[in-house]
Novice: 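After the structure tokens below, expect a handful of questions from me.
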Amino acid sequence: MKFYFPDSQDQVSPNYDFINEDYPLHRVRQRDDRYAHQVVKPIPYEGILVSKAIVDGSVKGAGKYSDRQKDRLYRDGVREFFRLPEGMSSLGDCGAFNYINEEKPPYEVEQVLDFYEECEFDEGVSIDHVIFGYKPEASERDVDEAWVKRRKISLDLAEEFLAAHQARQLRLQPLGAAQGWSPASYADSVARLQEMGYKRIALGGMVPLKSHDIIACLDKINDVRHEGTELHLLGITRTASMEEFWDRGVTSFDSTSAFRQSFMDERNNYHTANGSYTAIRVPQVDGNPTLKRLILAGQVSQGAAIKAERECLQTLRAYDKKQVELDEAVAALEAYLTIVDEKKKEKYSKNYRKTLDERPWDYCPCDLCKKLRIEIVIFRGTERNKSRGFHNMTVLEAKMRELRFRRPVAGAGTHLA
């Protein structure tokens with residue numbers, strides 16, 4: 001089972017100064033910062049996924065790449081740009097969630113193929129249009145007309161994509177994008193994509209579904225899936241269900257879930273083999289909007305806030321070195337959080353004590369935890385948060401390595417290719 005990590009220009013600086021919270025003077029982000037596959041071992045994924053919308057922008061506006069970064073990607077190709085190690089795959093797609101509210105996708109087939117070809121991707125997904133909902137028993141007559149239209153758009157563009165791909169004689173492996181709102185509609189999309197000639201099919205729009213709904217769709221797809229047809233799950237990470245997905249023909253998936261939980265989830269920020277911990281929020285005085293408003297309103301002394309912030313960080317680092325006891329570290333943390341946000345202090349207090357008491361960073365074998373120590377569980381600024389996200393991906397990789405995958409086979413109702 002191959003895991004592709006979707007790129008969103010997520011890197012960390014190997015020389016960031018966590019004590020003074022400063023970057024090296026002559027740092028150039030694209031040149032000097034490092035991707036997850038450069039800072040942790042074993043590498044936590046087998047491939048990267050890059051969306052055209054992230055690079056070139058979409059109807060929502062500019063992408064996350066500067067003009068110089070775009071030029072370099074197109075000039076050097078995806079392998080050199082990302083400094084990919086030997087054997088790592090690259091997958092391109094359009095980033096359909098970036099134009100989900102549009103009546104039709106904003107790209108033409110030739111534009112997408114140009115993107116894939118010029119950037120030298122190994123694989124590329126046809127243009128698709130995400131369907132808004134899931135009704136497992138509904139036929140075309142029972143759902144919103146827009147859903148039917150979006151599925152048709154996705155299939156029509158997949159057919160055009162494959163024809164243009166073959167006309168250009170590209171080395172790129174094409175993936176047909178399947179959309180649906182039910183097991184039957186997904187299965188029909190897969191059947192049609194196979195008739196066109198696709199051997200790899202990406203299943204889109206399943207992110208909101210429960211695992212049992214995904215399995216229901218895969219069971220129905222398995223009735224029509226040809227022997228040798230491989231499935232890719234777009235945006236799905238369900239470790240507990242991966243063996244079942246594999247048994248139903250899924251051979252790859254992509255997701256940012258483990259990474260993004262490090263700074264987007266309320267409590268499950270630092271992952272371990274057996275669970276997760278809440279990262280310790282120590283907001284920056286000059287970077288926290290709530291605290292800034294209180295200071296400007298005269299309700300909080302800026303000097304007192306800066307002093308409490310500094311003492312909090314110093315005490316946490318001393319606790320990491322076992323120079324102070326747990327209660328002293330918790331007291332320093334709570335003294336600062338009382339100034340910042342009393343409600344949040346109460347909300348997370350027990351979680352913070354548990355994180356500090358159990359010291360999960362002491363037991364983690366990943367390179368980042370060994371290097372950063374307690375800094376990796378402090379919720380504060382992009383370097384700590386992204387480093388914690390990279391750590392989370394090492395946990396996902398270890399969990400995937402423990403799974404036992406049998407060879408995926410088509411179901412009893414399969415039409416053999």
Side-chain angles (χ1 to χ4, degrees), residues 8 10-13 16-23 33 36 39-40 256-272 275-294 300 305-306 308-321 326 328-364 366-396:
S8 191
D10 294 310
Q11 301 155 270
V12 295
S13 170
Y16 181 76
D17 183 344
F18 284 88
I19 303 300
N20 296 305
E21 301 190 318
D22 203 5
Y23 290 97
D33 288 8
V39 296
V40 291
T256 59
S257 178
F259 175 77
R260 290 176 64 81
Q261 279 185 310
S262 72
F263 53 90
M264 294 293 287
D265 197 281
E266 276 226 346
R267 290 180 172 81
N268 302 319
N269 311 121
Y270 179 96
H271 296 179
T272 69
S276 63
Y277 291 86
T278 301
I280 301 162
R281 288 164 169 79
V282 185
Q284 295 165 307
V285 169
D286 60 355
N288 184 269
T290 301
L291 188 52
K292 274 186 174 182
R293 285 194 295 270
L294 293 173
V300 170
I306 291 173
E309 175 192 28
R310 186 180 300 120
E311 290 177 353
C312 174
L313 289 169
Q314 288 173 347
T315 307
L316 288 174
R317 288 166 183 149
Y319 175 74
D320 181 33
K321 296 173 183 176
L326 172 64
E328 186 175 345
V330 171
L333 174 64
E334 292 189 344
Y336 177 52
L337 296 181
T338 298
I339 296 173
V340 177
D341 192 329
E342 181 72 28
K343 289 182 180 178
K344 281 192 175 180
K345 185 201 79 171
E346 297 299 329
K347 185 176 183 180
Y348 297 115
S349 181
K350 289 183 180 178
N351 301 70
Y352 293 160
R353 175 175 279 275
K354 181 182 182 212
T355 300
L356 290 171
D357 184 30
E358 298 187 9
R359 303 172 62 99
W361 64 90
D362 274 345
Y363 311 103
C364 178
C366 90
D367 296 336
L368 285 171
C369 286
K370 289 178 181 177
K371 176 185 176 182
L372 302 183
R373 304 289 302 158
I374 198 171
E375 303 290 347
I376 204 162
V377 299
I378 295 177
F379 196 121
R380 176 185 172 91
T382 186
E383 289 295 326
R384 291 177 180 82
N385 294 343
K386 288 186 176 182
S387 294
R388 189 167 56 254
F390 287 176
H391 153 83
N392 286 350
M393 290 197 294
T394 70
V395 176
L396 173 62

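Residue numbers run from 1 in the order of the sequence given. Hydrogens, waters and symmetry mates are skipped; everything else that's a heavy atom, side chains included, is used.
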Novice: Do you know the tightest heavy-atom contact between Ala308 and Ile339?
Specialist: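 Result for this residue pair: CB-CD1, 3.7 Å.
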Novice: NZ of Lys343 to CG of Leu337: how many Å apart, nearest 0.5 Å?
Specialist: 15.5 Å
Novice: Treating His271 as the side-chain partner and His391 as the backbone partner, does any N or O pair qualify as donor plus acceptor under 3.5 Å?
Specialist: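 No; judged by distance alone, with no hydrogens or angles, the pair does not exist.
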Novice: List for me each residue that meets side-chain contact (heavy atoms from CB on, under 4.5 Å) alongside Arg353, sequence neighbours excluded, and say none if there are none.
Specialist: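 Testing Arg353 for side-chain contact (heavy atoms from CB on, under 4.5 Å), a comparison that skips the adjacent residues, returns Leu326, Asp327, Val330.
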Novice: Tell me every residue that passes side-chain contact (heavy atoms from CB on, under 4.5 Å) with Ala279, counting only those two or more places apart in sequence or in another chain.
Specialist: Asn269, Phe379, Arg388
Novice: Is it the case that more than 12 heavy atoms not belonging to Arg373 sit under 6.0 Å from its CZ atom?
Specialist: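 Yes.
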Novice: To the nearest 0.5 Å, how far apart are NZ in Lys370 and CG in Leu368?
Specialist: 11.0 Å
Novice: Return the OH to CG distance between Tyr352 and Leu316, rounded to the nearest 0.5 Å.
Specialist: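 Here the rounded value is 11.0 Å.
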Novice: Checking Ser349 now: which residues fulfil side-chain contact (heavy atoms from CB on, under 4.5 Å) with it, not counting sequence neighbours?
Specialist: Glu334
Novice: So which atom in Leu333 and which in Leu356 form the shortest heavy-atom distance, rounded to 0.1 Å?
Specialist: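 For Leu333 and Leu356, the tightest heavy-atom pair comes out as CD2-CD1, 4.5 Å.
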Novice: Using side-chain contact (heavy atoms from CB on, under 4.5 Å) as the criterion, point out the one residue from Ser262, Pro360, Ser276 that pairs with Tyr270.
Specialist: Pro360
Novice: Rounded to the nearest 0.5 Å, what separation is found between the CG atom of Asp10 and the CG atom of Asp33?
Specialist: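 Reported value, rounded in 0.5 Å steps: 11.0 Å.
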Novice: List the steps, then state whether side-chain contact (heavy atoms from CB on, under 4.5 Å) holds for Ser8 with Thr256.
Specialist: CA-CA 9 Å; Ser8 191; Thr256 59; over 6 Å; no
Novice: State whether the side chain of Arg359 and the backbone N or O of Asp320 hold a donor-acceptor pair below 3.5 Å, judged by distance alone.
Specialist: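 Side chain of Arg359 to backbone of Asp320, a donor-acceptor pair under 3.5 Å: yes, one is there.
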Novice: Tell me, with the steps shown, if Tyr277 and Lys354 meet side-chain contact (heavy atoms from CB on, under 4.5 Å).
Specialist: CA-CA 8 Å; Tyr277 291 86; Lys354 181 182 182 212; 4.2 Å; yes
Novice: Under the criterion side chain to side chain donor-acceptor pair (under 3.5 Å), which of Thr355, Asn268, Asp265, Asn351 is the partner of Thr278?
Specialist: Asn351
Novice: If every non-hydrogen atom of Tyr363 is compared with every non-hydrogen atom of Glu358, which pair is closest and at what distance?
Specialist: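 So the minimum-distance heavy-atom pair works out to CE1-O, 3.4 Å.
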Novice: Check whether any side-chain N or O of Glu383 sits under 3.5 Å from a backbone N or O of Phe18 as a donor-acceptor pair, and report yes or no.
Specialist: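 The answer is no, because no donor-acceptor pair under 3.5 Å joins these two groups.
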Novice: Could you walk me through whether Glu309 and Arg380 pass the side-chain contact (heavy atoms from CB on, under 4.5 Å) check?
Specialist: CA-CA 12 Å; Glu309 175 192 28; Arg380 176 185 172 91; 2.8 Å; yes
Novice: Assess the residue pair Val39 and Asp367 against the criterion (side-chain contact (heavy atoms from CB on, under 4.5 Å)); give the C-alpha distance rounded to whole Å, side-chain angles, the decisive distance to 0.1 Å, and a yes or no.
Specialist: CA-CA 7 Å; Val39 296; Asp367 296 336; over 6 Å; no
Novice: I need the minimum non-hydrogen distance between Asp22 and Tyr16, along with the two atoms involved.
Specialist: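 Smallest heavy-atom distance, with atoms named: O-CD1, 3.5 Å.
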Novice: Testing the basics here: between Ala332 and Cys312, what is the closest heavy-atom pair and its distance to 0.1 Å?
Specialist: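 Smallest interatomic distance, heavy atoms only, reads O-CB, 3.8 Å.
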Novice: Which heavy-atom pair separates Ala258 from Asn392 by the least distance, and what is that distance?
Specialist: O-ND2, 3.0 Å
